[in-house]
Amino acid sequence: MEKIKITLPDNSIHMYAAGTKIHEIVTSWNKESLFSTVAVKLNNVLVDLSYSVHEEATLSLIDTASKEGLYILRHSISHVMAQAVQDTFDGVQVCIGPSIEEGFYYDFDYADTFAPEDFEKIETRMREIVAADYPFIRREVSRTEAVALFADKGESYKVELINDLPEDVKKVSIYSQGGYVDLCRGPHIPSTGMIKAFKLLSVAGAYWRGDEKNKMLQRIYGTGFAKEGELAEYLRIIEEAKKRDHRKLGRELDLFQINDEAGAGLVIFHPKGAMLRAIIEDWERKEHLKRGYEMVMGPQILKVDLWKKSGHFDHYRENMYFTEIEDQGYGIKPMNCLSHMLIYKSKIRSYRDLPLRYFELGTVHRHEKTGVLHGLTRVRQFTQDDAHILCTPDQLNSEITGIADFVSYAMKIFGFDYGVELSTRPEKSIGSDEDWEMATAALENALKVNHMVYEINEGDGAFYGPKIDFKLKDALNRKWQCATIQCDFTLPERFDLSYIGADGEKHRPVMLHRVILGSIERFLGVLIEHYAGAFPVWLSPVQAILLIVTDRHIPFGESVYTQLCDAGIRAEKDFRNEKLGFKIREAQLQKIPYMLVIGDREVESKCVSPRKRNGKDLGGIGIDKFIELVRGECEHYQ
RNA sequence: GCUGGCGUAGCUCAACAGGUAGAGCAGCUGAUUUGUAAUCAGCAGGUUGCGGGUUCGAGUCCCAUCGCCAGCUCCA
């Protein structure tokens, strides 16, 4: 019999008979590893353990500890769930059921509705399927055979999927376990018994193939892990996220409200929330001025004709609000660029003036569909830390570098980690192919020059240009879009912007749209969740609260309060007739960084006793020393 | 916008299968003068999101509308 050479994971080379199953090869090499191996990579291609090798190959194992392994495990669990759902309910058609970042889902077409109460039934059946340890069996069949098979089962969605495959696909693979058959590329785990920890989480609507014109299906979400402990940890993080929800903390910390009477998606900032915003905005102004930006301000509404000129009317109208004044149509701005264009055009520009960097904390309105509104992170009115940079094409690189540095600095200041993505031309867009290519190349080039690691996000650019998106990661590792740099050759064209070059001729400048924190509202929402409401001292709306032991300490308390206010420290006083423990509890729940206890001892020695938010008692220290302490914690930022 | 779930006091939540809303916290009043996460007592607080309908009777059932939640689609 023919022998083939297999390079094993430890780089040792062994000879096996052609046609040997991978499962047998692994068994002969290291039986133990089978416990956690879900599939293997054969010459870098993922295949099942049941695969038979016919050619010389290099083998590496994929176990549940790896990202790919977990993906495969979860995909297999989704098949088990689909089987359980079909076994439990009549008349259910299966659609698609992939692994996703944090788990898996499966879409079903079912006349009745699934309720979370049904999960227990489904999970019980799933556990039976797991206990039965059914092997996942792969079979390759012709398209016609597959169509016949699924048509016979009444699975019209699967039939549609097969019929829509490219013509050159002659064969498809199907997987079965315990009588359940599914169209699937694979690979899968060897058998259902390998599944140890899973949980169904939620059910929600989802359009067939993600198109809102199609039928709404029911999607059941679940997650799975290699070990019970990991599942428990994941569920703990979900609970933690709930505790940190900025909508809940926003109310508890009295930061803001979103009120039906005022309107959906419209934020009303309370004193503490407005303070927090002001701190961030002051920081923004200072940092922008440092970096050569100039502050500008534009109106909230501009004539419709101008929006037609810019292309917003044709491409962004459904997101805009309009109004009329004395028969003249106006559009409420959804972006800040128009005024900035007019500022540029207000006089003749020389190449010596460039780059021009116009910065505006610009409030915009966008008509978002009701279903997408969400606390502070998705609203209808928000303020962007927006800037438009007008420069020569050869200044693009250094400008983008400057912005990237700015973003990196801001993320460090606020304590976030982040990732970078390059988003390319979307279907609905304006501008020539040439401009798009130039703009995309400019952004990509800047990323490369700066050795930045990035991912490509196809078709996710703005309608007027490609963009670099910075996605920050919060304390719970969730990603949020905040900073973005967009390259635009179109708007300068439409507004016929020019500058006089060294050659005395007119040239067209290039424009960069960019935000650093993005929407101040969204950023605040993310910030609240990142810090769980316990802001660092420099951001805390209230930095210190004075707590007196009894009312004979009021006069000294008042004098301390005055000294702190004079020193620019944001202080509050709690001189109520309550026990100290009660006041500490309240200050603690308000997550105030410093509680200053004032009793007989402090009055006597003219000092305060700070108690930190983490419970640490700093003992009696002089007021000057406390002021110094707080300033020291802020100076690095302000 | 779509699918499903949900709107009860400032907040968190009760009220069996329709029978004229109840608790804790917060608030107010009084007592208490208090040392590092809740002092005690009393009082007050709601046309059950808004508008229709069914019924002798609706928080509970039906319709419509506004809003919230989870997704989908879209996005800063």
Side-chain angles (χ1 to χ4, degrees), chain A residues 105 107 112-117 201-221 245 247-248 251-252 254 257-265 316 318-319 334-335 362 364 366-386 423 426 428 460 462 467 469-471 480-484 486 513 515-523 525-526 547-554 576-590 595-602 609-613 615-619:
Chain A
Y105 66 77
D107 287 346
D112 216 342
T113 56
F114 296 120
E117 295 77 68
L201 299 170
S202 61
V203 56
Y207 300 108
W208 167 237
R209 296 189 149 178
D211 189 332
E212 56 187 326
K213 291 184 201 76
N214 288 342
K215 185 168 183 185
M216 178 71 78
L217 308 168
Q218 293 184 68
R219 175 172 297 178
I220 299 179
Y221 285 89
D245 191 320
R247 294 164 299 185
K248 183 168 171 279
R251 187 174 49 239
E252 288 170 1
D254 200 12
Q257 64 172 306
I258 296 172
N259 191 317
D260 295 11
E261 279 190 280
Y316 207 71
E318 66 274 25
N319 282 301
M335 294 183 195
V364 296
R366 293 184 188 175
H367 178 221
E368 299 292 346
K369 293 175 179 178
T370 48
V372 308
L373 300 175
H374 183 93
L376 294 179
T377 57
R378 209 59 196 281
V379 295
R380 288 190 173 142
Q381 179 196 302
F382 58 99
T383 300
Q384 294 178 304
D385 56 343
D386 205 0
S423 297
K428 205 181 165 190
D460 212 30
K467 54 181 188 165
D469 289 324
F470 294 81
K471 302 235 164 126
W480 299 89
Q481 160 85 67
C482 288
T484 138
Q486 302 170 0
H513 307 244
V515 290
I516 303 296
L517 305 183
S519 144
I520 303 291
E521 282 78 357
R522 171 179 290 182
F523 187 74
V526 175
L547 310 177
I548 53 166
V549 177
T550 175
D551 51 17
R552 66 176 171 274
H553 307 124
I554 288 178
R576 292 176 301 174
N577 176 12
E578 294 288 352
K579 294 173 87 167
L580 184 62
F582 178 84
K583 295 194 232 190
I584 285 180
R585 178 183 150 80
E586 288 207 340
Q588 191 75 40
L589 293 175
Q590 285 299 305
M595 291 157 235
L596 304 183
V597 176
I598 295 171
D600 289 339
R601 292 199 293 271
E602 287 74 21
S609 293
R611 176 195 202 271
K612 292 185 79 157
R613 189 162 50 192
K616 196 177 174 200
D617 187 348
L618 302 185

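Note that the structure is predicted; figures quoted are calculated from it, not measured. Excluded from the calculations below are hydrogen atoms, water molecules and symmetry mates; all remaining heavy atoms, backbone and side chain alike, are included.
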- Indicate yes or no: does E521(A) engage R366(A) in a salt bridge with an N to O separation below 4.0 Å. no

- Query: Can a donor-acceptor pair under 3.5 Å be found between the side-chain atoms of E261(A) and the base atoms of G49(B)?
  - Reply: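 A donor-acceptor contact between them is absent.
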
Give the rounded distance in Å between these two atoms: [atom1] of [X] and [atom2] of [N].
X: R576(A); N: U29(B); atom1: CZ; atom2: P; result: 13 Å
X: D600(A); N: U33(B); atom1: CG; atom2: P; result: 14 Å
X: N214(A); N: U3(B); atom1: CG; atom2: C1'; result: 14 Å
X: L201(A); N: G4(B); atom1: CG; atom2: C1'; result: 16 Å

With sequence neighbours excluded, tell me which residues meet side-chain contact (heavy atoms from CB on, under 4.5 Å) with [X].
X: P426(A); value: S429(A), W436(A)
X: D617(A); value: none
X: R611(A); value: I584(A), Q588(A), M595(A)
X: R601(A); value: none

- Can a side chain N or O of R251(A) be found less than 4.0 Å away from OP1 or OP2 on G10(B)? no

- Would you classify E318(A) as touching base, sugar-phosphate or nothing, given that sugar-phosphate means primed atoms plus P, OP1 and OP2, and contacts are heavy atoms under 4.0 Å? nothing

- Looking just at side-chain N and O atoms, do S519(A) and Q384(A) make a donor-acceptor pair shorter than 3.5 Å?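 Not at all, the side chains of S519(A) and Q384(A) share no donor-acceptor pair under 3.5 Å.
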
Of all residues at least two apart in sequence or in a different chain, which pass the side-chain hydrogen bond (donor to acceptor under 3.5 Å, both in side chains) check with [X]?
X: K583(A); result: none
X: R380(A); result: none
X: Q486(A); result: Y464(A), T484(A)
X: K612(A); result: none

- Task: Taking atom P in both G30(B) and A70(B), compute the distance separating them and give it to the nearest angstrom.
- Result: 44 Å

- A14(B) to G1(B) separation - P atoms, rounded to the nearest Å: 29 Å

- Can you give one letter per nucleotide of nucleotides 65-76 of chain B, going 5' to 3': B for a protein heavy atom under 4.0 Å from the base, S for sugar-phosphate only, - for none? --SSSBBBBBBB

- Task: Report, as a single string ordered 5' to 3', how protein heavy atoms within less than 4.0 Å touch nucleotides 37-46 of chain B: B base, S sugar-phosphate only, - not at all.
- Result: BBB-------

- For RNA chain B, stems built from three or more consecutive Watson-Crick or G-U wobble pairs below 3.5 Å: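 Stem list for RNA chain B: B:1-7 with B:66-72, B:10-13 with B:22-25, B:27-31 with B:39-43, B:51-53 with B:61-63.
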
- Note on the structure: F382(A) meets the ring-ring contact (aromatic ring centres under 6.0 Å, His included) criterion, sequence neighbours left out, with none

